[in-house]
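As the structure is a computational prediction, the values presented were derived from the model and not from experiment. All chains are named by letter (A, B, ...) in the order of the sequence lines, taking the proteins before the strands, and each is independently numbered beginning at 1.
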There are 2 protein chains.
Amino acid sequence: MTETVAAPPEASPCSDESAHAVSLAVSTVIFALRPHPTTGESTLWLPLVRRIRDPYRGSWALPGGPLEPHEDLAASARHTLERTAGLTPRHLEQLYSFGAVDRSPGGRVVSIVYWALVRADEVASAVDGENVQWFVADEVPQLAFDHNDIVTYALARLRSKITYSPIAHAFCADEFTLGDLRAVHEGVLRRRLDPANFRRQILAGGSVVPTGRCVTGTSHRPPALYRSQHRAPTPEEQP
Amino acid sequence: MTETVAAPPEASPCSDESAHAVSLAVSTVIFALRPHPTTGESTLWLPLVRRIRDPYRGSWALPGGPLEPHEDLAASARHTLERTAGLTPRHLEQLYSFGAVDRSPGGRVVSIVYWALVRADEVASAVDGENVQWFVADEVPQLAFDHNDIVTYALARLRSKITYSPIAHAFCADEFTLGDLRAVHEGVLRRRLDPANFRRQILAGGSVVPTGRCVTGTSHRPPALYRSQHRAPTPEEQP
DNA sequence: GGACTTCAAGTCAGAGTGACCCTTAGTGGG
DNA sequence: CCCACTAAGGGTCACTCTGACTTGAAGTCC
């Protein structure tokens, strides 16, 4: 059962014994863009679930669950997303695995964490109830386990990756203007971007293709519509 | 035991049941620099262990073992390194977690994989025996499980990260010349680098500090010695 | 002493970026 | 109907970074 066994002495204990002690969970940090409740500016939100059992009963925590034997890691994250937000992710990526011995009082738990991007308008409001609630990503309360660290790490990864990878498209509709895309970047990075420079960079990157159509009735000059260019990501962009 | 439980119905099965089915292993891709057997140029090597049981009995595989309940993930990787190469890593970092359902015939195994950098001259030759053998990283044979994919991924990560992070220092002694450091980069990237440009970039990066001393008896102009500058890594450099 | 090697420092053209300006094309108000 | 306003779209300019290249410095070896 042990997958890889080094030659030396104690290298091959019966892994069935230890399997009892370490359990495996898959959690997911789900990001969506919505207006900030006070400033109104587009900001990152994420859903949290209230724990209904010890430890940390009553605390908010990242959605997730134990890994089922029949499902892949990403599939598990996808199922969590389905339960929590009622939709399928536009972007799903493994973040990191957290396995400190003392991270879960009462039992050894290793969490493989994914992060996902979803479109806010697709979120089924039905799931937003007593035990599932959306929070501004930078203003989450005290969470169970080491989940605050995980959220911080996921935020850093997202903000880093959006600068060199076209993941922002995941927040946009099929067709979008460069203004839409820039609003996504600004919401994620919490910083205004120069429209002209942003345009230049995006067009040079080749991740978008013009559809030839424009948006009409915009109270100003009609912006051109673009579509995401589905190209194979370069190895450097992986992470 | 389930760490995070979403509200809905089937979200909380007894995790003790599933704990039997999924076992957790930690494997490590260990890199060292040594001369290539034919070309003589400095190249990446890694140790593999021969499997002594099914599945894949007799095949070469990444060193690793089951996660012990009392040890952290990185500690487990460190122990593997100790067993396999007989030393402590200069650099150790989590690579990725692999958990496809069918990746291990005969039982569901999730592998959390780390990668490490060690100095070749520190490797105890004692461990290089019947069941542990070093291979040129780009010329590994057919491996057990999905370990070829893992090696490829680890190589890509190392080659990508060395360009923006001072991890190359891990391959160097406490004091080193810029020529030494450049040789490390060239060995990893399998490409000649312009000495002058390399010098300029490294010095601009601020990751090294001059010791004031020089190497003597070098058959040419004596190069200055530098020391690694231990600075806190920026968040961008983390993943 | 001259050939040879690497270290060290500088030059130069091209690409990319941030800051800024200006024109364009629409809406809406007086 | 004209003008203010807004955002799109296009361009300039200075600065930085990079790759390619040149030159001088400081040793050893023959």
Side-chain angles (χ1 to χ4, degrees), chain A residues 40-42 159-166 168 172-173 175-227 234 236-237, chain B residues 40-42 159-166 168 172-173 175-227 234 236-237:
Chain A
E41 292 187 332
S42 194
R159 288 181 172 136
S160 166
K161 186 151 189 171
I162 202 174
T163 64
Y164 63 89
S165 177
C172 293
E175 300 196 353
F176 52 86
T177 70
L178 293 184
D180 296 337
L181 195 61
R182 179 166 52 85
V184 169
H185 277 79
E186 291 179 340
V188 170
L189 297 174
R190 295 182 298 179
R191 195 176 71 227
R192 295 315 230 178
L193 300 175
D194 183 88
N197 293 338
F198 180 80
R199 151 183 301 275
R200 190 215 298 151
Q201 276 179 251
I202 295 298
L203 294 181
S207 64
V208 298
V209 284
T211 64
R213 281 188 300 282
C214 286
V215 180
T216 56
T218 54
S219 157
H220 52 66
R221 177 170 175 171
L225 280 170
Y226 292 84
R227 176 181 300 280
T234 67
E236 271 68 17
E237 290 175 350
Chain B
E41 294 188 333
S42 194
R159 288 181 171 136
S160 166
K161 186 153 189 169
I162 203 175
T163 63
Y164 64 90
S165 179
C172 293
E175 299 195 353
F176 51 86
T177 69
L178 293 184
D180 296 336
L181 195 61
R182 181 166 50 86
V184 169
H185 277 79
E186 291 177 341
V188 170
L189 297 174
R190 294 182 297 179
R191 195 176 69 227
R192 296 314 232 180
L193 301 175
D194 182 88
N197 293 338
F198 181 80
R199 151 182 302 275
R200 189 215 299 153
Q201 275 179 252
I202 295 298
L203 294 180
S207 65
V208 298
V209 284
T211 65
R213 285 188 299 282
C214 286
V215 180
T216 56
T218 55
S219 153
H220 52 66
R221 177 171 177 172
L225 280 170
Y226 292 83
R227 177 181 299 279
T234 65
E236 272 68 17
E237 291 174 350

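OP1 or OP2 of C:dC7 sits under 4.0 Å from a side-chain N or O of B:Arg182.
Between the CG atom of A:Leu225 and the P atom of D:dA8 there is a distance of 12 Å, given to the nearest Å. Atom pair B:Leu193:CG and C:dC7:P shows a separation of 13 Å (rounding to whole Å applied). The CD1 atom of A:Ile202 sits 15 Å away from the P atom of D:dG10 (whole-angstrom rounding). Rounded to an integer number of Å, the gap from NE2 of A:His185 to P of C:dT17 is 12 Å. The nearest whole Å value for the distance from the CZ atom in B:Arg213 to the C1' atom in C:dC7 is 18 Å.
The line from CD of B:Glu186 to CG of B:Leu181 is 10.5 Å long, rounded to the nearest 0.5 Å. To the nearest 0.5 Å, the span separating CD on A:Glu41 from CZ on A:Arg190 amounts to 11.0 Å. In this structure, B:Leu178 CG and B:Arg182 CZ are separated by 9.0 Å, a value rounded to the nearest 0.5 Å.
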* Structure fact -> Counting primed atoms, P, OP1 and OP2 as sugar-phosphate and everything else as base, the B/S/- map of nucleotides 17-26 of chain D against protein heavy atoms under 4.0 Å is -BBBB--BBB

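The only member of B:Leu203, B:Ile202, B:Thr177 that meets side-chain contact (heavy atoms from CB on, under 4.5 Å) when paired with B:Tyr226 is B:Leu203.
When heavy atoms are screened at a 4.0 angstrom cut-off, B:Gly179 is found touching the sugar-phosphate backbone but no base atom.
Judged as a side-chain hydrogen bond (donor to acceptor under 3.5 Å, both in side chains), and not counting sequence neighbours, the contacts of A:Glu175 are A:Arg213, A:Arg227.
Comparing A:Gly217 and B:Thr177, the nucleotide of DNA chain C nearest to each residue sits closer to the 5' end for B:Thr177.
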